[in-house]
Amino acid sequence: MIKSALLKFLEFYGYKKVKKPYTQTYSILNSREYVLEEKQDQSKVISFIKSIRPYNIGKELIRVGSKKDGGYLVPNDLEGIIACFSAGVSKVSEFENHCHELGIQQLFLADKSVEKANLNVAHHFLPKFIGITNNNDFITMDEWVNQSVENTGDLLLQMDIEGAEYNSFINMSDALLSRFRILVVEFHDLHKLWTKYSYNIITDVFNKILQTHVCVHIHPNNYSGIDIQEDIAIPRFAEFTFIRKDRVITQTPCTSFPHPLDFDNTNFPHIVLPEIWYK
């Protein structure tokens with residue numbers, strides 16, 4: 001009876017019992033049997049997914065980087081970009097090397113987790129994480145760019161910082177965001193859209209980006225698989241490519257995935273972008 005009363009108390013205050021910790025939204029942040037959560041409405045999750053669908057913008061997509069993790073699809077619109085900023089590089093630098101071959105001469109890389117970048121062409125490496133403060137370990141995107149290049153000219157951003165991308169974009173000024181002609185970002189923990197707290201953060205970031213940019217490609221990272229709840233399939237991690245709106249020639253919805261230039265990130269089981277994300 002005591003146990004039953006405790007269960008009712010927990011459920012009354014928003015706790016849910018979790019049987020499969022990894023696959024259920026309720027236990028994303030915690031492996032305990034009970035965690036406090038407030039689940040988001042299915043209709044809002046669907047609405048968000050539809051709001052970020054990718055478009056053909058009158059420019060072909062090319063693959064920059066390797067045919068595995070660290071390679072991304074971007075619009076063939078790199079001419080005139082004065083610098084590439086890569087946040088979160090680890091030991092993989094094929095993307096930056098290819099950018100250099102394609103004419104982007106200034107390369108700026110930042111990552112506190114490694115001592116130096118694995119790159120043989122001229123570049124600037126900063127051993128710091130991208131964050132919301134400036135100190136010995138962290139630097140904001142605005143401070144990094146401001147101390148690196150002049151305040152004119154288009155830029156390219158590649159970002160893979162293991163979940164810190166959300167705070168970094170929230171903290172980024174609108175002026176800096178508008179300087180990036182192309183954004184290539186791996187967004188993590190997208191299945192947390194099912195919790196209201198995470199939903200608000202994730203949607204705030206995407207809404208901020210969509211004020212100035214258009215999504216042109218989505219590629220799910222097969223390392224983390226697909227989360228399915230209420231018949232809605234959400235890649236846990238996915239790479240998004242955006243282009244600034246003034247570079248768009250036409251805008252028609254993408255209707256076929258994967259793209260012929262897409263490749264799996266790892267040797268884990270192959271996955272494709274669920275149809276709800278583009279149909």
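Computation of the quantities below employed the complete heavy-atom set of this structure, encompassing side-chain atoms and omitting hydrogens, waters and symmetry-equivalent molecules. All residue numbers in this chain count up from 1 along the given sequence.
Side-chain contact annotation: E96 with H123, donor-acceptor N/O pair under 3.5 Å absent. N171 and T140 share no donor-acceptor pair across their side chains, judged by distance under 3.5 Å alone. A donor-acceptor contact under 3.5 angstrom links the side chains of N76 and E60, judged on distance only. If you check the side chains of Q211 and N207, you find no donor sitting under 3.5 Å from an acceptor. If you check the side chains of N221 and E186, you find a donor sitting under 3.5 Å from an acceptor. Side-chain polar atoms of Q158 and Y72 form a donor-acceptor pair below 3.5 angstrom.
More than 12 heavy atoms of other residues, nucleotides or ligands shown are found within 6.0 angstrom of CD1 on I170. Environment of CG in N136: sparse, with no more than 12 heavy atoms of neighbouring residues, nucleotides or ligands closer than 6.0 Å. Around CG of N120, the count of heavy atoms belonging to other residues, nucleotides or ligands within 6.0 Å does not exceed 12. Heavy atoms from other residues, nucleotides or ligands lying under 6.0 Å from CD of E150 number 12 at most. Under a cut-off of 6.0 angstrom, the local environment of NZ in K196 is crowded, with over 12 non-hydrogen atoms contributed by other residues, nucleotides or ligands.
Following chains of ILVMFWY side-chain contacts shorter than 4.5 Å, one can reach Y197 starting from F169, so the two form part of one hydrophobic cluster. Under the 4.5 Å side-chain heavy-atom criterion for grouping Ile, Leu, Val, Met, Phe, Trp and Tyr, I232 is connected to F187 within one hydrophobic cluster. Connection of V145 to M159 is established within a shared hydrophobic cluster, with ILVMFWY side chains joined at heavy-atom distances below 4.5 Å, either directly or through further cluster members.
Closest approach of E165 to V185, counting heavy atoms only: CB-CG1, 4.2 Å. Residue T203 comes nearest to N200 through the heavy atom pair OG1-O, 3.3 Å, listed as atom of the first residue, atom of the second, then distance. A pairwise comparison of heavy atoms in I249 and K59 identifies CD1-CE, 3.8 Å as the closest pair. For the pair V216 and P75, the tightest heavy-atom approach, listed with the atom from each and the gap, is CG2-CG, 4.0 Å. Residues F180 and M172 approach most closely at CE1-SD, 4.2 Å, considering heavy atoms.
Between H219 and F240, the distance separating the two ring centers is not shorter than 6.0 angstrom. Taking the six-membered ring wherever Trp is involved, the centroid distance between the rings of F206 and F48 falls below 6.0 Å.
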Practice task
For side chain to side chain contact (heavy atoms under 4.5 Å, CB included), just list the numbers for C99 and V64, CA-CA rounded to whole Å, side-chain angles, deciding distance to a tenth of an Å, and then say yes or no.
Solution key: CA-CA 7 Å; C99 283; V64 179; 4.0 Å; yes
Problem - side chain to side chain contact (heavy atoms under 4.5 Å, CB included) evaluation trace for E162 with H188 - result: CA-CA 6 Å; E162 309 304 322; H188 298 75; 3.5 Å; yes
Handout entry: Stepwise ring-ring contact (aromatic ring centres under 6.0 Å, His included) check, F85 with W144
Key = CA-CA 9 Å; F85 283 82; W144 186 27; 5.0 Å; yes
Practice task
Decide yes or no on side chain to side chain contact (heavy atoms under 4.5 Å, CB included) for V214 and I57, but give the supporting numbers first.
Solution key: CA-CA 9 Å; V214 174; I57 47 89; 4.2 Å; yes
Handout entry: Worked check of side chain to side chain contact (heavy atoms under 4.5 Å, CB included) between L78 and I81
Key = CA-CA 6 Å; L78 302 179; I81 292 179; 4.0 Å; yes
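With respect to R179 and D154, no salt bridge is recorded, no charged nitrogen being found less than 4.0 Å from a carboxylate O. The pair E230-K39 counts as a salt bridge, with a side-chain nitrogen and a carboxylate oxygen less than 4.0 angstrom apart.
Note that the OG atom of S86 and the CG atom of L119 stand 9.0 Å from one another [nearest 0.5 Å].
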For residues 270-279, run the donor-acceptor check on the side chains, cut-off 3.5 Å, and write out each pair with its distance to 0.1 Å, sequence neighbours left out.
residue : atom : partner : partner atom : Å
H270    : ND1  : D264    : OD1          : 2.7
H270    : ND1  : D264    : OD2          : 3.1
W277    : NE1  : A233    : O            : 2.8

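R247 has its side chain out of reach of I182: every pair of non-hydrogen atoms, C-beta onward, lies at least 4.5 Å apart. Between I82 and L155, the closest side-chain pair of non-hydrogen atoms falls below 4.5 Å. Counting only heavy atoms from C-beta outward, the side chains of F129 and D111 approach each other to under 4.5 Å. With a 4.5 Å cut-off on side-chain heavy atoms, L190 and R236 do not count as touching. Looking only at side-chain heavy atoms (C-beta outward), I132 and F138 stay at 4.5 Å or farther from each other. Between V89 and F125, some side-chain heavy-atom pair lies under the 4.5 Å cut-off. The closest side-chain heavy-atom distance from L156 to R181 is not below 4.5 Å. Side-chain contact check for F95 versus D160: every heavy-atom pair is 4.5 Å or farther apart.
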